[in-house]
Amino acid sequence: MNSDKPASGETAAINFIQEAINEHNETGRFDGRVHTRFPPEPNGYMHIGHAKAFYLNYAIAQANGGLFNLRFDDTNPLKEDVEFVESIKEDIAWMGCDWGDRLYFASDYFGKLYDYAVQLIEQGDAYVDSQSGDESRVGRGTVKVAGTNSPYRERTVEENLDLFARMRAGEFADGDHVLRAKIDMASPNMLLRDPILYRIRHATHHRTGDAWCIYPLYDWAHGLEDSIEGITHSLCSLEFDTHRPLYDWFLDRLGVFHPQQIEFARLNLTYTVMSKRHLGRLVEEGFVSGWNDPRLPTISGLRRRGYTPAAIREFLDRVGVARADSTADHALLEFCIREELNKTAPRRMGVLRPLKLVITNYDEDKIEMIPCDNNPEDDDAGQREVPFGRELWVERDDFREDAPKKWFRLAPGKEVRLKHAYFVTCDEVVKDNAGEVIELRCSYDPASRGGSSPDGRKVRGTLHWVSARHAVKAEVRLYDHLFAALVPGADHDGDYTRDINPESLVKLSDARLEPALGEIGEGERVQFMRHGYFCLDSVESAPDKPVFNRTVGLRDSWAKLEKKLSKG
RNA sequence: UGGGGCGUCGACAAGCGGUAAGUCACAGGUUUUUGGUACCUGCAUGCGGAGGUUCGAAUCCUCCCGCCCCAACCA
C-alpha cells in the first residue's frame with residue numbers, strides 16, 4: 001500500500017455503485033464495459049472531496065478492468081483558466097489515478113454540441129428565447145408555482161435555426177438571446193422548465209480563444225460529453241440527482257449512446273470546510289498562505305503537509321461510498337497517515353524546545369557515536385550513528401521542577417534513560433536571574449551504555465536528545481485544525497471564519513536536530529521520536545535554514561493522563 | 001404545484017425477511033529502551049417515530065417526524 005499506484009486489490013469494498021455495475025454486466029446493458037470519467041471545471045484547486053470523486057471513478061474502472069478519462073468541463077470561459085488545468089492534472093496524477101492518453105476537454109466538443117443543438121431545433125425540441133434574464137426568471141415560476149411559456153416558445157423551426165446561426169455568428173450582444181429546450185414549464189422539477197442550452201458570451205476561452213461566442217451550459221453539455229466518450233457510468237454527487245431526468249431527456253431525444261448517471265454523497269470532514277468557494281475565501285482574505293497551505297484539505301496542502309497518496313486512498317477506502325450525507329471524522333484521516341508512516345518513516349531525534357543538559361561526569365572533549373535503530377517496525381531499516389557528548393539538548397517539556405504523579409521524565413533527583421545512550425540523573429537545576437530554568441546538571445552511569453544497566457534497575461522514562469555541538473538548527477511548524485469547531489460556522493450563521501483556530505500554526509524557530517536531519521531530502525518523511533511525523537517544507541525550506549512541517553503528531557497518552565489526573 | 005434524496009453506535013458504514021459486520025473515536029488492561037507501535041477487553045435487547053403484515057421485520061406496507069438538494073444565461 002505504499003506504492004504510488006493503488007494496488008488492484010486495494011479498491012474499496014463493494015458499494016451500491018458496484019452493485020449497479022454488476023447488474024449492468026448481468027443484463028449486458030453496456031456489453032460488460034465499464035468506462036468512467038472525472039470532469040472537473042478548471043476554476044480552482046482540488047481538495048480531498050474531489051479526491052473522493054476522482055479516486056472513486058478511477059478505482060471503479062480499475063476494479064472492473066475498465067477505463068478512466070480525465071475531462072475538463074470548460075464550458076464557462078469567465079471562470080476558467082489554464083493555471084487550474086495544470087494543478088488539477090498534477091494532483092490527480094500524484095494521487096495515482098492514471099487517465100492514460102485519455103485527457104479531454106469539453107471545449108473540444110463545441111462543434112459537435114452545436115450540431116446536436118441544431119438537431120434538437122429541427123426536431124422542434126429547442127427554441128431561441130429572446131426574453132431578458134429577469135423576464136425568463138419570472139417566467140420560470142417558483143418551486144410551488146408553475147412557470148409560464150415564453151412568448152417566443154412557438155417560433156418556427158426556420159426562425160429558430162436562423163436566429164441560432166446568427167447567435168453563433170456573433171450578431172447579438174450578450175444576453176440578447178438564449179437557446180432553450182422545449183420541455184415543460186409546469187414541471188415540478190424546476191430543471192425541466194425549458195432549461196437553457198446556450199448563452200451568448202463574447203469572451204475569450206482559454207483553449208478555443210475567440211472561435212465561439214456562444215457557450216453551452218452544464219446540463220446540455222455534460223451528458224453529451226459522456227456520450228461522445230462512450231462513458232458507461234457517469235458518477236457525480238448527490239445534488240445532481242434532480243438533473244438526471246434532464247440528462248436522460250437530451251440523450252433520448254438525440255438518440256445517442258446513453259450512459260447511466262449515478263449519484264453519491266460528497267465528502268465532508270470535521271474541523272474544516274470543503275468547497276472551492278470557501279477555501280478560496282480563506283486564501284483571498286489571507287487566513288492561510290495559499291491554496292497549498294498545509295492546514296487546508298486541498299491535495300496540494302496535504303502533500304505539502306506530508307500526507308502520502310496511499311494514506312489518502314486508505315482514508316477514502318475506509319470512509320466508503322454511500323448516498324447519505326455524511327461528515328467523516330478528521331481523526332480517521334490522521335489515523336491513516338500515522339498507520340503508514342509508523343511502518344515506513346525512519347526515526348530521528350529532534351528537540352523542539354531546547355533545554356541544555358550538561359553531564360558533569362562526562363569528559364569535556366569526548367564524543368561517542370551511538371548506534372540507533374532507524375525503525376523498530378522495520379527490520380531492514382538498519383541503524384545510524386548519532387554523536388553524543390557532554391552537552392546535550394533535551395526537550396524543555398521533559399523536565400518538571402515539581403513532578404506530578406506518574407511523571408517518568410526529568411525532575412530534580414530523577415533518573416531517566418537517554419534513548420540508545422545512557423541513564424542520567426538530574427543533580428542540579430540552574431536558573432537565570434528571572435528564575436527561568438536554563439540548564440540541568442546531571443551525572444551519567446557509564447555502565448548503562450546502550451540504555452540498560454547491568455544491575456537490571458528499571459528506568460521508566462526514555463528521552464530523546466541531541467548533541468549540542470553537532471545539532472542542526474531548524475524551524476519547525478506545528479499544525480492543528482484550521483478551525484476550532486467540529487463544523488465551522490455552525491454556531492455563527494455560517495461564517496466559518498469566526499471559528500478559525502488561532503493556534504492552528506505554531507512556529508518554533510529554535511529547534512535542534514540530530515545531524516542526519518540536516519541531510520534530509522524533499523519528500524522524505526521521518527518520525528521525530530516521541531513527537532510525530534515530519535517532512536521538509538517544500539516552499540519555504542532552504543539548505544541553510546531548514547523548515548520542517550509536522551504532518552501529524554504521535555498519540556500522546558501522557559497528555560490525556562495528566563489531564564485526567566489534574567481533573568480528578 | 002411542489003419535486004427529489006436521505007435517516008443503523010460519538011463519526012463512517014455493512015445489512016437486501018431468519019434474529020445488528022467492520023473501522024475510527026472513546027474506556028480499561030498487557031507488552032515496550034518512543035507515555036509511540038502491537039496485542040487483549042468493553043462499547044446499538046437496538047436500526048428516526050408510531051402502527052400493520054409475518055412463525056419471524058433494520059429489511060415489506062401505512063402514516064408521521066427530521067435533515068439535505070432544486071427557482072444562475074455556474075458546474
Side-chain angles (χ1 to χ4, degrees), chain A residues 13-15 19 39-41 43 73-76 78-80 129 132-133 136-138 140-147 174-175 177-180 186-193 195-201 214-215 217-219 221-222 236-245 263 265 267 270 276 315 317-336 338-339 342-343 347 349 372-373 376-377 406-409 417-421 423 448 450-452 459-464 486 527-532 553-562:
Chain A
I14 189 158
N15 55 47
E19 283 177 5
E41 182 185 20
N43 69 342
D73 210 358
D74 54 351
T75 57
N76 187 353
L78 263 31
K79 287 187 170 184
E80 298 149 8
D129 191 10
S132 69
S136 82
R137 199 170 4 264
V138 170
R140 195 156 26 235
T142 72
V143 110
K144 295 192 176 187
V145 178
D174 290 6
H177 309 279
V178 292
L179 184 70
R180 287 231 249 176
S187 173
N189 181 345
M190 297 293 291
L191 292 159
L192 263 21
R193 321 245 264 224
I196 295 171
L197 276 53
Y198 279 97
R199 76 282 220 190
I200 298 171
R201 274 246 220 285
I214 57 172
Y215 290 94
L217 275 92
Y218 173 86
D219 285 306
H222 203 85
C236 60
S237 45
L238 239 34
E239 67 267 30
F240 290 101
D241 183 279
T242 49
H243 293 242
R244 181 154 31 87
E263 313 82 23
L267 173 68
T270 54
K276 285 181 192 168
F315 167 72
D317 283 337
R318 284 173 180 259
V319 165
V321 182
R323 279 181 71 91
D325 292 325
S326 63
T327 302
D329 195 335
H330 192 271
L332 179 59
L333 216 208
E334 295 187 332
F335 169 83
C336 292
R338 277 197 202 101
E339 183 185 46
N342 174 53
K343 292 178 192 140
R347 272 52 171 176
M349 292 192 284
C372 298
D373 294 331
E377 301 295 317
K406 301 196 177 178
W407 176 258
F408 302 154
R409 286 117 93 148
R417 172 189 297 110
L418 296 178
K419 180 78 181 177
H420 295 306
F423 290 177
S448 64
S452 61
V459 171
R460 297 294 299 271
T462 302
L463 274 44
H464 59 281
L486 206 60
Q527 181 192 101
F528 284 12
M529 295 199 83
R530 305 207 301 132
H531 280 303
L554 255 26
R555 266 215 187 74
D556 188 353
S557 59
W558 162 249
K560 276 183 196 171
L561 213 208
E562 185 173 35

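Scope of the values below: all heavy atoms of this structure, side chains included, with no hydrogens, waters or symmetry mates. Computed from a predicted model, the values in this text were never measured in an experiment. Each chain gets a letter, A, B and so on, in the order its sequence line appears, and its residues count up from 1.
Side-chain N or O atoms of A:Ser237 include none that pairs as donor or acceptor with a backbone N or O of A:Glu239 at under 3.5 Å. Of the possible polar contacts, none joining the A:Ser187 side chain to the A:Leu192 backbone as a donor-acceptor pair under 3.5 Å is found. In terms of modelled atom types and a separation under 3.5 Å, the side chain of A:Arg323 and the main chain of A:Leu238 share no donor-acceptor contact. A donor-acceptor contact shorter than 3.5 Å links the side chain of A:Arg338 to the backbone of A:Gly553.
Within the nucleic acid shown, A:Phe408 comes within 4.0 Å of at least one base atom, counting heavy atoms only. If you check every strand for non-hydrogen atoms under 4.0 Å, A:Pro376 touches a base. Within the nucleic acid shown, A:His330 has no heavy atom closer than 4.0 Å to any nucleic acid atom. The residue A:Glu377 sits close to a base: some heavy atom pair falls under 4.0 Å. At a threshold of 4.0 angstrom between heavy atoms, the contacts of A:Val319 are confined to the sugar-phosphate backbone, with no base atom among them. Counting any heavy atom pair closer than 4.0 Å across all strands shown, A:Ser557 reaches sugar-phosphate atoms only and no base atom. When heavy atoms are screened at a 4.0 angstrom cut-off, A:Phe240 is found touching base atoms of the nucleic acid. Across all strands, A:Thr242 comes closer than 4.0 Å to base atoms (heavy-atom distances). The residue A:Arg347 sits close to a base: some heavy atom pair falls under 4.0 Å.
Atoms CZ and CZ, from A:Arg460 and A:Arg417 in turn, are 11.0 Å apart once rounded to the nearest 0.5 Å. Atom CG of A:Asp329 sits about 9.0 Å away from atom CD of A:Glu334, to the nearest 0.5 Å.
In this entry the distance linking NZ of A:Lys79 with P of B:C74 reads 7 Å, nearest Å. Between A:Ile200 atom CD1 and B:A72 atom C1' the separation is 17 Å, expressed in whole Å. The distance from atom CG of A:Leu554 to atom C1' of B:G35 is 10 Å, rounded to the nearest whole Å. Nucleotide B:A13 holds its P atom 11 Å from the CG atom of A:Leu332, rounded to whole Å. Note: CZ (A:Phe528) to P (B:U37) measures 19 Å, nearest angstrom. Computed from coordinates, the A:Asn342 CG to B:U34 P distance equals 12 Å when rounded to whole Å. At whole-Å resolution of the value, NZ in A:Lys144 and P in B:U1 are 12 Å apart. The separation between A:Arg323 atom CZ and B:A14 atom P is 13 Å, rounded to whole Å.
The phosphate of B:C26 has OP1 or OP2 within less than 4.0 Å of a side-chain N or O from A:Lys560. Distances shown here put every side-chain N or O of A:Arg530 at or beyond 4.0 Å from the OP1 or OP2 atom of B:U32. A close approach under 4.0 Å does not occur between any side-chain nitrogen or oxygen of A:Arg193 and OP1 or OP2 of B:A71. Taking 4.0 angstrom as the limit, A:Arg244 places none of its side-chain polar atoms (N or O) nearer than this to OP1 or OP2 of B:C70. For the pair A:Arg318 and B:A11, the criterion of a side-chain N or O lying under 4.0 Å from OP1 or OP2 is not met. For the OP1/OP2 pair of B:C74 and a distance below 4.0 Å, the side-chain nitrogens and oxygens of A:Arg199 include at least one atom meeting the criterion. Within the structure, every side-chain polar atom (N or O) of A:Thr270 is placed at least 4.0 Å from both OP1 and OP2 of B:A11. Phosphate contact (OP1/OP2 of B:G35, side-chain N/O of A:Arg417, threshold under 4.0 Å): absent. Residue A:Thr142 places none of its side-chain N or O atoms closer than 4.0 Å to OP1 or OP2 of B:U1. Note on A:Ser187: every side-chain N or O is 4.0 Å or more away from OP1 and OP2 of B:G3.
Contact annotation: the side chain of A:Leu554 approaches that of A:Gln527 to within less than 4.5 Å [non-hydrogen atoms, C-beta and beyond]. Contact annotation: the side chain of A:His222 never approaches that of A:Thr75 to less than 4.5 Å [non-hydrogen atoms, C-beta and beyond].
For A:Leu217, whose side chain is taken as the heavy atoms from C-beta onward, the closest listed nucleotide among B:U1, B:G35, B:C74 is B:C74. The side chain of A:Arg555 has B:U37 as its nearest neighbour among B:C73, B:C74, B:U37.
For a distance-only test at 3.5 Å, the side chain of A:Glu562 fails to qualify as a donor-acceptor partner of the base of B:G35. With hydrogens and angles ignored, no donor-acceptor pair closer than 3.5 Å exists between the side chain of A:Arg338 and the base of B:U37. Looking at A:Glu263, its side chain has no donor and acceptor atom pair within 3.5 Å of the base of B:C69. At a cut-off of 3.5 angstrom, the base of B:G35 holds no donor-acceptor pair with the side chain of A:Arg460.
The partner of B:G36, taking Watson-Crick or G-U wobble pairs whose two distances both stay under 3.5 Å, does not exist in any strand shown. Under the Watson-Crick and G-U wobble criteria, each requiring two contacts below 3.5 Å, nucleotide B:G51 is paired to B:C61. Across the strands present, B:A25 finds no partner; the criterion is a Watson-Crick or G-U wobble pair with both atom distances under 3.5 angstrom. Using the Watson-Crick or G-U wobble rule with both distances under 3.5 Å, B:C67 pairs with B:G5.
The separation of B:C24 from B:A14, taken at their C1' atoms, amounts to 15 Å, rounded to a whole angstrom. One P atom belongs to B:A58, the other to B:G52, and the distance between them is 15 Å to the nearest Å. B:U1 and B:C6: their P atoms are spaced 25 Å apart (whole Å). Atom P of B:A57 sits at a distance of 11 Å from the matching atom of B:A20, rounded to the whole Å. Remark: the separation of the C1' atoms in B:U62 and B:U23 is 36 Å, to the nearest Å. Rounded to a whole angstrom, the distance from the P atom of B:C26 to that of B:A11 is 15 Å. B:C43 and B:G35 have their P atoms separated by 31 Å, given to the nearest Å. If you take atom C1' in B:U59 and the same atom in B:G17, they sit 7 Å apart, rounded to whole Å.
Along RNA chain B, the nucleotide nearest A:Ala186 and the nucleotide nearest A:Leu238 are compared for position; the residue whose nucleotide lies closer to the 5' end is A:Ala186. Place A:Ala559 and A:Ala322 on RNA chain B by their nearest nucleotides, and A:Ala322 ends up nearer the 5' end.
Classified by interplanar angle (parallel below 30°, tilted 30° to 60°, perpendicular above 60°), the ring pair A:Phe240/A:Tyr218 is tilted.
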>> Using side-chain contact (heavy atoms from CB on, under 4.5 Å), reason through A:Arg180 and A:Arg193 one step at a time and then give a plain yes or no.
In response: CA-CA 9 Å; A:Arg180 287 231 249 176; A:Arg193 321 245 264 224; 5.7 Å; no

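For B:A72, the base adopts the syn conformation, since its glycosidic angle falls within 90 degrees of zero.
Put simply, A:Tyr218 does not rest on the base of B:A75: the two rings are not both less than 5.5 Å apart at their centres and under 30° in tilt.
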